[in-house]
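Data block below; observations after.
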Amino acid sequence: MALIIIKKSPKENISNRMIEIASPGDIILFVQDGVLYAIEEKTKDLIKNGVSVFVLKEDLEARGYSENISLFPCVNYDGWVELIEKNEKIIS
Amino acid sequence: MALIIIKKSPKENISNRMIEIASPGDIILFVQDGVLYAIEEKTKDLIKNGVSVFVLKEDLEARGYSENISLFPCVNYDGWVELIEKNEKIIS
Amino acid sequence: MKKVLFVVYQSPSGSIWVNEALRCAFGMYGEDLEPSILFMEDAVVAVNKNTHPEKLGCLSLSMSFKYLERYGTPIYVVKEDLEKRKIKEEDIEPTWKAQIITNDELSSFIHSFDRIIFF
Amino acid sequence: MKKVLFVVYQSPSGSIWVNEALRCAFGMYGEDLEPSILFMEDAVVAVNKNTHPEKLGCLSLSMSFKYLERYGTPIYVVKEDLEKRKIKEEDIEPTWKAQIITNDELSSFIHSFDRIIFF
Amino acid sequence: MHIVIQVNVPPYTYEDLDTAIHLAESALNRGHKVSIFLFADSVLSVNSKVKPLRIDRNIPHKMQELSEKGVEIHICGLCADYRGISPENTIQGPKFSGVPEMASLIFKADRYVNLMP
Amino acid sequence: MHIVIQVNVPPYTYEDLDTAIHLAESALNRGHKVSIFLFADSVLSVNSKVKPLRIDRNIPHKMQELSEKGVEIHICGLCADYRGISPENTIQGPKFSGVPEMASLIFKADRYVNLMP
């Protein structure tokens, strides 16, 4: 079980590689330019079964997207801290 | 006629976009991490007909590759300056 | 007269480059220069009327709007980059007066300038 | 005891991150920590014996070799990333004692650490 | 819990310092102990000589506020040397540390969040 | 010819200042007039307080050498404000300029080479 924080845009290879690292039970959180994954349908194909995905609402909204366009549930900064509390292993 | 200087690695989308911008008569110069294009066969497919390609020798060698592995001719810094002299239009 | 193009490719909320390109473009008018700005890749996010870096405490894009209106600096955006980021024409903030060009037109468009500076 | 992994993904001649990851890894031994370094993407260029940032006037990678030998810090490199950059096993500088792992093994490998820091 | 946030990129140019400040505030509000480790170009965020536009946020000022709220701020000393940062041009609060302190935080803290460069 | 080189990223962290210095030297050797425009984080390359490791290159020192060889170095003043750089902590030679000087160089110089961020 790990929390994987992806902060770079989908156009960066390293972001895709980090999504591939996720294994069942892991949580992926998209922040900063990583939130652009939340509006691309093909992101769903990249995410393995059993991996939960969240999106930082503040970063999504600052880039012009509302919560209801996001393919994954949003969290705010408090929610991010909660994810940190629940996951000792953090990959970022 | 333009000189297009590509300094970012092939893994960066913007580098591929800059290669696409080249039109016949243009010159592409790969420098810094852009030199990694010089060792990938598929780079040849990206380069349009009529576009000349050069590689900065110093950056290629500093990354462990010898001139003879490069798919394109090398220039040194003096050669880079020559390319600048010859091309008023520089895209970088 | 020389035509100058500033090309921005990074997201305006994640980085300073959109604001810096705007600032540079507005500064060109002191010389016999004709500046334009092209947004491509993640930078197209800038033209969405709902994009507000100030929500993160960062500088707002709207601080440039009065200069944009005063100078009428041409703003270009790549169609395919907009589409990929799900930004529709009606989402575009009218103040930008953004002109949409296709990826196919990009090469000849960029070559039509004398100086091309990527940010 | 905690296992720490520093993951580097940027080229060692174009950026400081390989040297910084090495410096951080060597500094871990003062605590009950077991550091390792993983090179992926362009960072795999670091293990090529012909890679010499000092040819550009930048810091040499070899300044880390004495610490690498003293501490025996494990170095891992992703096979597919080496192949893509045409680095053969015989090109690898022996001092690194690099262990090659495949992309398929990457997920379980990374999960075997307690702390994972990307550089 | 003791949560550490490591930052690696310069303030203003990228969003990471803003992210770290927001995250630190939320973690404080949830009752956690927070440390920030400033590595590489992120050390510029505690430079007291930084003069942003009046309409812009003052990141060194925000860092000082965090420090006053009890956030422990560590600066990598060698990174600081490379960027002209010394106690003379640093806001009140941060500690000039190094990799040994990073190791100690990696070992002792409950959580270590890195914002990769 | 008058050749301008614009740099945008921080020294040491990335290679661009090294690239710019080598390119400037070659251009000088070929008899050109050279100007360097330091924008955004690249302004740190003229900070006189930078203390690199003894085995490492001293970039501010190399910039001063270029200046002594006749290279005109411009610093974007607003960029400098944002990074705590002022005439007090700058090597001898660079001019605190701004976008008007950038415009003038873009207009007047024969070549303008940008090293994109």
Side-chain angles (χ1 to χ4, degrees), chain B residues 1-38 42-56 59 72 75 77 80-92, chain C residues 1-12 14-18 20-21 24-25 28 31-46 76-87 100-119:
Chain B
M1 281 262 303
L3 170 63
I4 304 176
I5 301 166
I6 296 181
K7 54 163 279 208
K8 294 198 165 243
S9 164
K11 69 187 169 107
E12 306 251 0
N13 231 23
I14 190 68
S15 297
N16 280 323
R17 299 289 294 269
M18 291 177 82
I19 292 178
E20 280 172 27
I21 285 165
S23 70
D26 284 352
I27 295 164
I28 289 176
L29 173 66
F30 291 120
V31 306
Q32 296 191 359
D33 289 340
V35 301
L36 293 170
Y37 275 109
K42 65 176 183 187
T43 303
K44 292 211 163 173
D45 304 330
L46 299 173
I47 308 284
K48 280 183 215 132
N49 277 335
V51 173
S52 322
V53 182
F54 296 97
V55 179
L56 186 65
D59 277 326
F72 311 104
V75 294
Y77 277 99
W80 185 356
V81 177
E82 257 184 85
L83 290 173
I84 291 169
E85 291 165 5
K86 286 181 196 151
N87 292 276
E88 189 170 356
K89 191 172 294 183
I90 298 170
I91 300 174
S92 60
Chain C
M1 200 271 296
K2 285 200 178 89
K3 291 177 70 185
V4 191
L5 181 67
F6 294 95
V7 187
V8 201
Y9 73 100
Q10 296 183 64
S11 161
S15 78
I16 50 165
W17 304 107
V18 169
E20 292 293 39
C24 288
M28 296 297 117
E31 302 279 342
D32 196 11
L33 293 168
E34 196 184 296
S36 298
I37 300 175
L38 169 68
F39 292 139
M40 60 187 289
E41 300 262 304
D42 289 342
V44 301
V45 159
Y76 300 88
V77 194
V78 180
K79 187 168 177 277
E80 287 80 357
D81 287 320
L82 283 171
E83 286 170 357
K84 189 164 188 280
R85 288 159 191 83
K86 294 225 173 60
I87 302 167
I100 296 170
I101 63 171
T102 65
N103 199 40
D104 280 352
E105 297 167 311
L106 209 51
S107 175
S108 62
F109 172 77
I110 289 180
H111 282 79
S112 73
F113 290 83
D114 300 296
R115 304 268 197 237
I116 302 98
I117 296 171
F118 275 67
F119 264 165

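Every chain is numbered from 1, with letters handed out A, B, ... down the list of sequences.
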Could you work out all donor-acceptor pairs shorter than 3.5 Å where one atom is in chain C and the other in chain B?
residue: C:E41; atom: OE2; partner: B:N13; partner atom: ND2; Å: 3.3
residue: C:E41; atom: OE2; partner: B:R17; partner atom: NH1; Å: 2.9
residue: C:D81; atom: OD1; partner: B:R17; partner atom: NH1; Å: 2.8
residue: C:D81; atom: OD2; partner: B:R17; partner atom: NH1; Å: 3.2
residue: C:D81; atom: OD2; partner: B:R17; partner atom: NH2; Å: 2.8
residue: C:N103; atom: OD1; partner: B:R17; partner atom: NH2; Å: 3.2
residue: C:N103; atom: ND2; partner: B:E20; partner atom: OE1; Å: 3.4
residue: C:S107; atom: OG; partner: B:I21; partner atom: O; Å: 2.6
residue: C:H111; atom: O; partner: B:K89; partner atom: NZ; Å: 2.4
residue: C:H111; atom: NE2; partner: B:D26; partner atom: OD1; Å: 3.2
residue: C:H111; atom: NE2; partner: B:D26; partner atom: OD2; Å: 2.4
residue: C:F113; atom: O; partner: B:K89; partner atom: NZ; Å: 3.2
residue: C:F118; atom: N; partner: B:S92; partner atom: O; Å: 3.0

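Under the ring pair (Phe, Tyr, Trp, His ring centres under 6.0 Å) criterion, C:F113 pairs with C:F109, sequence neighbours left out.
With rounding to the nearest 0.5 angstrom, the CZ atom of C:F118 is 11.5 Å from the CD1 atom of B:I5.
If you measure heavy-atom distances from B:I91 to chain C, the contacts under 4.5 Å come from both the backbone and the side chain.
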